[in-house]
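Have a look at the structure below before the remarks.
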Amino acid sequence: MTHDIDLTDLDRFAGGFPYEVFERLRRQAPVWWHPPTENTPDGEGFWVVSRYHDVVAAGTDAATFSSQGTTVRSGGGTLIEDLPDGAAPGILLNMLDQPRHTSFRKMLQPSVARQTLARIESDLRNRAAAIVERAVARSECDFLVDVAAELPLQAVAQLLGVPQEDRHRLLGWANATLDYSDRDLGQSSALSEQAAVEMFSYGGQLLRHKRESPGEDLMSIAATGTLDGEPLSDLEQQMLFNLLIAAGSETTRNAIAGGMLALAEQPQTWRELQSDRGPLGSAIEEMLRWSSPTPYNRRTATTDCLLGGQQIRRGEKVTLWWASANRDPEVFTDPDTFDIHRTPNPHVAFGRGIHFCLGAALARMEMRVLFEALLDRVDAAVVLGPAEHIRSNKHTGIRHLPMRLQGRQ
Ligand code: HEM
């Protein structure tokens, strides 16, 4: 049964996402009350929603399943651990409820719209070519660091209007604040605290600069735009900067690395894509389903309700497991097979409902541009050693992946 399951024990995630645990949950207890364990933040249990249809039902009902949470309890947000009111819930875009969420999102939308992204595509293409050529020139590379992390970082730096020469400092800070290698859920470490302070101070300076001489980038919009007639508060601007650095760099690199690992195991699929780019679009959707870089987001029930036949009480924490939904056999035939021709592929790697990923079009474009550069230049992609996974239940991904990218003759 479920007595041995502890989704707050990060060691269970250190070897990758525990799909087998969720296979059991979907079958035996699709909406499961996770009792508190010694690892659970706040010493409080929470609901675990693992089936596709229940995840989508809750994800698309933001009035009942709140991302802010603080209207019905003292802490809230989208992590299992409560974040205090006014620190992130109620401030960060992804931890806001309507109506403020709608206006906030509308303000940012133009900076991630397709037409805006089309303007940076050819620049990203040149960057992708340079990244791949450097990696091919070496007999061995760390695919995660040298290839997968680079393009998202350069893209998010460009989107936010951060000077490219500063991007590696940002990566270091993002890694330190998202990493749980030296701490457990709900805790901070000296490293993560120092990184948060440095990122905050850098963001503050950047925003001051954008206020004085704004450009067309996203941080200029955040620094000078108005929401319902009022400028964003300093804290809202700062937190948005932190959110976008983390959301923009961590997830996309993991989708790229997860996709590459799957393709490295199917050399015939690599050759097929080399001779015909037609299925690349569906291959990218499959990489997103397969890697599910954001495994879950939490909500808080704003009212007593029923979900998957379970009675949920007002104020309780409810976690929606996108990664599990993406392997639900009721929706995906042979869910544990990586199939680049899978159609339809209604995966929820970018979430569902009003909080659907703001950067989805950018992430898809980065993946397409990078895999085109790889397919153009790499004959065979060989994994040379085991991938080092992230010890986290909030991000599924890889920190290091030794590979050889054999150049095309
Ligand atoms: C493969 C890459 C990515 C994945 C898998 C991913 C995943 C997600 C998911 C699951 C959500 C929904 C969160 C929720 O419902 O609580 C989300 C929201 C969000 N994502 Fe992404 N993301 C990716 C790339 C990006 C990029 C490149 C950016 C920014 C440039 C970004 C910015 C955001 C923002 C701002 C939100 C909050 C939207 C809102 O609350 O309205 N993401 N993402």
Side-chain angles (χ1 to χ4, degrees), residues 17 49 55-56 58-62 65-69 76-80 88-89 91-98 100-109 111-113 116-117 120 124 148-149 151-162 170 174 217-219 222 236 239-259 284-300 318-323 325-326 347-368 370 394-397:
F17 188 78
V49 185
V55 166
V56 168
T60 48
D61 181 359
F65 298 98
S66 158
S67 291
Q68 189 164 333
T78 59
L79 309 179
I80 292 172
I91 299 284
L92 273 178
L93 174 69
N94 63 323
M95 300 193 195
L96 273 184
D97 286 343
Q98 288 165 315
R100 191 164 175 81
H101 172 265
T102 314
S103 332
F104 201 150
R105 200 165 155 123
K106 210 182 268 172
M107 180 179 129
L108 300 179
Q109 204 84 52
S111 54
V112 290
T116 316
L117 297 181
I120 65 169
L124 284 188
L151 194 67
L153 201 56
Q154 295 187 14
V156 84
Q158 185 145 347
L159 186 79
L160 299 192
V162 169
L170 295 179
D217 54 82
L218 204 150
M219 277 298 113
E236 279 174 319
M239 295 289 279
L240 181 67
F241 172 73
N242 291 12
L243 169 70
L244 290 168
I245 293 294
S249 61
E250 177 71 56
T251 46
T252 317
R253 77 173 101 143
N254 289 323
I256 292 169
I284 285 167
E285 296 311 306
E286 182 67 344
M287 291 182 205
L288 288 160
R289 182 189 78 87
W290 188 251
S291 58
S292 292
T294 301
Y296 86 90
N297 285 108
R298 169 194 150 189
R299 302 293 188 253
T300 302
V318 182
T319 54
L320 310 182
W321 292 81
W322 314 116
N326 280 341
H347 68 77
V348 286
F350 289 124
R352 270 295 165 90
I354 65 165
H355 293 283
F356 180 81
C357 179
L358 187 77
L362 175 63
R364 284 181 165 128
M365 185 171 99
E366 291 172 33
M367 292 175 75
R368 170 172 274 281
L370 186 66
K394 192 62 197 68
H395 289 279
T396 299

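Atoms within a ligand are numbered from 1 in the order they appear, just like the ligands themselves. Throughout, residue positions are numbered sequentially from 1 according to the sequence presented.
- Across L124 and L151, no two heavy atoms sit closer than the pair O-CD1, 3.8 Å.
- Here R299 has side-chain heavy atoms under 4.0 Å from ligand 1, and that is the only part of it that gets that close.
- Atom numbering of ligand 1 starts at 1 in the shown order; those under 4.0 Å from a heavy atom of T294 are 7 (C), 10 (C).
- When only interatomic distances are considered, the shortest N/O to N/O separation between H355 and ligand 1 falls below 3.5 Å.
- For ligand 1, the atoms lying closer than 4.0 Å to a non-hydrogen atom of N94 are 37 (C), 40 (O).
- Each of the following atoms of ligand 1 lies closer than 4.0 Å to a heavy atom of P293: 5 (C).
- For H101, a nitrogen or oxygen atom sits less than 3.5 Å from a nitrogen or oxygen atom of ligand 1, counting backbone and side chain alike.
- Annotation: T78 places no N or O atom under 3.5 Å from an N or O atom of ligand 1; distance criterion only.
- Near L159, the atoms of ligand 1 lying under 4.0 angstrom from a non-hydrogen atom of the residue are 30 (C).
- The closest non-hydrogen atom to atom 1 (C) of ligand 1, taken over L288, N254, I245, L92, comes from L288.
- Distances below 4.0 Å separate heavy atoms of G351 from the following atoms of ligand 1: 10 (C).
- For the pair E236 and R100, the salt-bridge criterion is met [side-chain N within less than 4.0 Å of a carboxylate O].
- The ligand atoms of ligand 1 that sit less than 4.0 angstrom from a heavy atom of I354 are 41 (O).
- For atom 17 (C) of ligand 1, the candidate residues are A361, C357, A360; the nearest heavy-atom contact is made by C357.
- Within ligand 1, counting atoms from 1 as listed, the ones closer than 4.0 Å to a heavy atom of R105 are 38 (C), 39 (C), 41 (O).
- Close approach of ligand 1 to A349 is summarised as follows: ligand atoms under 4.0 Å from at least one heavy atom of the residue are 5 (C), 7 (C), 10 (C).
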